[in-house]
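First listed ligand is number 1; within each ligand, the first listed atom is number 1.
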Amino acid sequence: MIIASNLGFPPLGAARELKRATEGYWAGKLSAQQLLATGAELRRRHWELQRAIGIDRIPANDFSFYDRMLDTCALVGAVPPRYGWKGNEVDADTYFAMARGSQGKGRDVTAMEMTKWFDTNYHYIVPELERGQSFRLASKKPVAEFREAKALGIDATPVLIGPITFLLLAKTKGTRFDRLSLLDALLPVYAEALSALAAAGATWIQLDEPCLALDRSEAERAAYLHAYSHLAKRGDKTQLLVATYFAGLDDNVATALALPVQGLHVDLVRAPDQLDRLLSEWPKGRTLSAGVIDGRNVWRANLQAQRALLDRAMKTVGDDRLWVAPSCSLLHTPLDLDLETKLDPELKGWLAFAKQKLQEVVSLAKGDRGAVEASSTAAKSRRASKRINDASVQRRAAAVSEKDRVRPAPYAVRRKTQVALPRYPTTTIGSFPQTAEVRAARRKLHDSQLTAEEYDAFIESQIGKTVALQEEIGLDVLVHGEFERNDMVEYFGEQLAGFAFTEHGWVQSYGTRYVKPPIIFGDVSRPSAMTVRWSRYAQSLTKRPVKGMLTGPVTILQWSFVRDDQPRAETAKQLALAIRDEVLDLEAAGIRVIQIDEPALREGLPLRRADWADYLHWAVDAFRLATAGVRDATQIHTHMCYSEFNDVLRVIERMDADVISIENARSGSELLQGFEQYKYPNEIGPGVYDIHSPRVPATSEITGALKNMARVLDDTQIWVNPDCGLKTRGWDETLAALRNMVEAAKGMRDGKRET
Ligand code: 39S
Ligand code: ZN
């Protein structure tokens, strides 16, 4: 019997119960007790669902109220000193203060840094570690959740983030030091956590080690062996499964197979080629968890092909040691396709969400012939469907040449013809608060309680108010505020041909924030203008320049579920042509500044460095194709966030935007260090405050950030802007922060007047 297994299940709930309860708790409308009860109810429901589907090994402790890396910080007592933690169990207020920062009740602490989880659109909280830091078991969550499952009669697999991945994803504070130097301090705490789970009756424990599937040094490989040898000495009978995903083990195969653990999970969707090598060296008695159902996309699997992989594995591993599973945690897929009542049936027949993926896992484990045949029929229907191909889009993409990607004049020449602005010009990244009122209006439009005319008038009133406020605050380049957008990717997906969108396909982005990634199923084009109406309206209200706001082709690609029947580069090119059409329409409508956001450009980098150059080449080409059609006088901006930019600084130069704004506030001085070593030629706005936290930065704090920038950048290059869009913030804190920001910018201008 092949075992059907799962690595992780999305915690949100079909009615987004977890989001509502958590935000309710933050707003003081729900007690901690009520929040915990909602969490327990969701876990129960999801465990029972997985059991009903027929999953044999169901995960526990995959649930999180905010993020599993943050949970791990709490587990091992890695709480930075600024939270004033006393060393007992990490309570809800400390936990959420670490996630979001906290202001009031005599406390003013910043949040921990947040960054992208590998190449996903999920963000994790980055552990902060100090030299010589100690650890201690400070959370009972894994054991408590294992017991909850056990009470339901489920022998669950508790899931922890493995010690090496935890350390490798952490950042060091204070003086730089080798994170792995903390390993020996950390391992006893992990051993204690494992023993506690063993004592509670766990038969298997899953340790997520995605870092083992990335480029690793010899020292890091040695650390893997060292860590798992230490954990193997526990003396209980609980078996360990090390889970790798998102990439193949490649040159780490020998290390992975040498670990003294009982099971290994590998991603055979992203890296099917690793199977032969693994099997040729497979240790006798080791369990193989074969990740053959794509946990990163929404396409229905071709079960026949995946079953063939399993048959090969079975010959070596034996069917009593073979598990079949999704490639990674299902956190990155929506919950349930059955909730989509409006999706057209043909397309629906090509898709699978988390619940359907687990059904596929069970079909494979059971060797269900009917299911295998049905999946082949669906695959054939998709390949043959007329809806996928648009000959005119394909012809246009084929005719693109390098001249379409190059602006006629260099930056220095263009700048002289563009909008005139003071030094340290101020702007925002584009969105203003998406209040409950704005969302309710969209909901009413959807439910026909508002007519299209009434909704449009409401959006215009929001724009009018926001333009007036920006003028009053004294910002230099204004925005319309993006009130008409549900999301910066979904909004465009809804208007582009070749896209489908869901009603309930929520996927966690960070904390309680979710997105509904659109589905790119066919050739992409833009039937008509998408944003011009709102930008033109905003510009009609003011003499100051209003920035047109678009999402770039790479980001639309990265934050959508993308068709898997042609190279991503080709889909990116089609998207670039669609955005190029919009850019030119904005320019024709009198918009002098146009921002094309590419926050996901960095996160799209392949996980292995050997694959970077190829990706960066086509990704930057897509951005250039989208933007290079404008006149010299049109100022092109771009924006990027949540990235380790120092990896891609030189690539940013090749994008040739006139101005780039960059996330910077939470990661402190790192970005600036990059600019010390490398002279960026165009203009740049490193974010001066963190918008992912409700706290209002003082003017002096912003001035400090600007002065730091002025040390490594020329003062004619520096723009003053927040880190990112303001849509998640409330109006009061937004206005207060922007006033301080403008005051700080003015101070910089005055301070430099004599030079
Ligand atoms: N990825 C994408 N796709 N988009 C991004 O902006 C980002 N930014 C970064 C990186 N990745 C991204 C992550 N940042 C949100 C905010 C920041 C993010 C990601 C997500 C966010 O605010 N998400 C919203 C949320 O979780 C949902 C946004 C949305 O689609 O709350 N809103 C819809 C809308 O505005 C639906 C809103 C909604 O929930 O129309 N409506 C209620 C309902 O349907 C009704 C509301 C009411 O009646 O009051 O039940
Ligand atoms: Zn941003």
For the pair Q495 and E582, evaluate side-chain contact (heavy atoms from CB on, under 4.5 Å) and give the outcome as yes or no after the intermediate values. CA-CA 12 Å; Q495 300 186 68; E582 187 74 10; over 6 Å; no
Is there a side-chain contact (heavy atoms from CB on, under 4.5 Å) between L550 and I594? Walk through the geometry before answering. CA-CA 8 Å; L550 302 173; I594 303 172; 4.3 Å; yes
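For the 3.5 Å distance criterion, the side chains of Y424 and D476 fail to qualify, holding no donor opposite an acceptor. Side-chain atoms of Q558 and R568 form a donor-acceptor pair, as typed in the model, at a separation below 3.5 Å. Between the side chains of D71 and S64, a donor-acceptor pair is found at a separation under 3.5 Å.
Ring planes of Y66 and W26: tilted class, angle from 30 to 60°. Using cut-offs of 30° and 60° for the angle between ring planes, the F118 and F246 rings count as tilted.
Every atom of ligand 1 is numbered from 1 in the order shown, and the set under 4.0 Å from a heavy atom of V515 is 1 (N), 2 (C), 3 (N), 4 (N), 19 (C), 20 (C). Which parts of ligand 1 touch N121 is read off a 4.0 Å heavy-atom cut-off, strictly below it: atoms 1 (N), 2 (C), 10 (C), 11 (N), 12 (C). Of all atoms in ligand 1, listed by their number and element, those nearer than 4.0 Å to a heavy atom of R20 are 50 (O). Interface of R443 with ligand 1, defined as ligand atoms under 4.0 Å from a residue heavy atom, comprises 43 (C), 44 (O), 45 (C), 48 (O), 50 (O). When each atom of ligand 1 is checked for a heavy atom of A436 under 4.0 Å away, the hits are 49 (O). Ligand 1 places these atoms under 4.0 Å from at least one heavy atom of T728: 16 (C), 17 (C). Taking every non-hydrogen atom of E490 and a distance limit under 4.0 Å, the qualifying atoms of ligand 1 come out as 30 (O). The distance from ligand 1 to the heavy atoms of K727 drops below 4.0 Å at these ligand atoms: 5 (C), 6 (O), 16 (C), 17 (C).
Contacts of R533 classified as salt bridge (charged side-chain N to carboxylate O under 4.0 Å, His left out), with partners at least two apart in sequence or in another chain: D456, E460.
Taking the side chain as every heavy atom from C-beta outward, L42 and R45 approach each other to under 4.5 Å.
When NE2 of H639 and SG of C641 are joined through the Zn ion (ligand 2), the resulting angle is 110° to the nearest 10°.
Remark: among candidates R442, Q434, K516, the nearest residue to atom 34 (C) of ligand 1 is R442, based on non-hydrogen atoms. When Y122, W506, Y514, Y491 are checked for heavy-atom proximity to atom 26 (O) of ligand 1, Y514 turns out nearest.
Distances shorter than 4.0 angstrom occur between a heavy atom of K19 and an atom of ligand 1. Under the 4.0 angstrom criterion for non-hydrogen atoms, M114 is not in contact with ligand 1. In this structure, K116 has a heavy atom closer than 4.0 Å to ligand 1. Within the structure, the closest approach of K444 to ligand 1 does not fall below 4.0 Å when heavy atoms are considered. At least one heavy atom of T512 sits under 4.0 Å from some atom of ligand 1. Heavy-atom separations between H123 and ligand 1 include at least one value shorter than 4.0 Å.
Cation-pi geometry between K465 and W731 is satisfied (NZ or CZ under 6.0 Å from the ring centre, within 45° of the ring normal).
Between atom CG of residue L335 and atom CZ of residue R16 there is a gap of 12.5 Å, rounded to the nearest 0.5 Å. If you take NE2 on H123 and CD on E603, they are separated by 7.0 Å, rounding to the nearest 0.5 Å.
Under a cut-off of 6.0 angstrom, the local environment of NZ in K348 is crowded, with over 12 non-hydrogen atoms contributed by other residues, nucleotides or ligands.
Among the atoms of Y510, none of the N or O lies under 3.5 angstrom from an N or O of ligand 1. Considering both main-chain and side-chain atoms, R485 never comes within under 3.5 Å of ligand 1 through any nitrogen or oxygen pair. The shortest N/O to N/O separation between R16 and ligand 1 falls below 3.5 Å.
Looking at N486 against ligand 1, both its backbone and its side chain come within 4.0 Å, counting heavy atoms.
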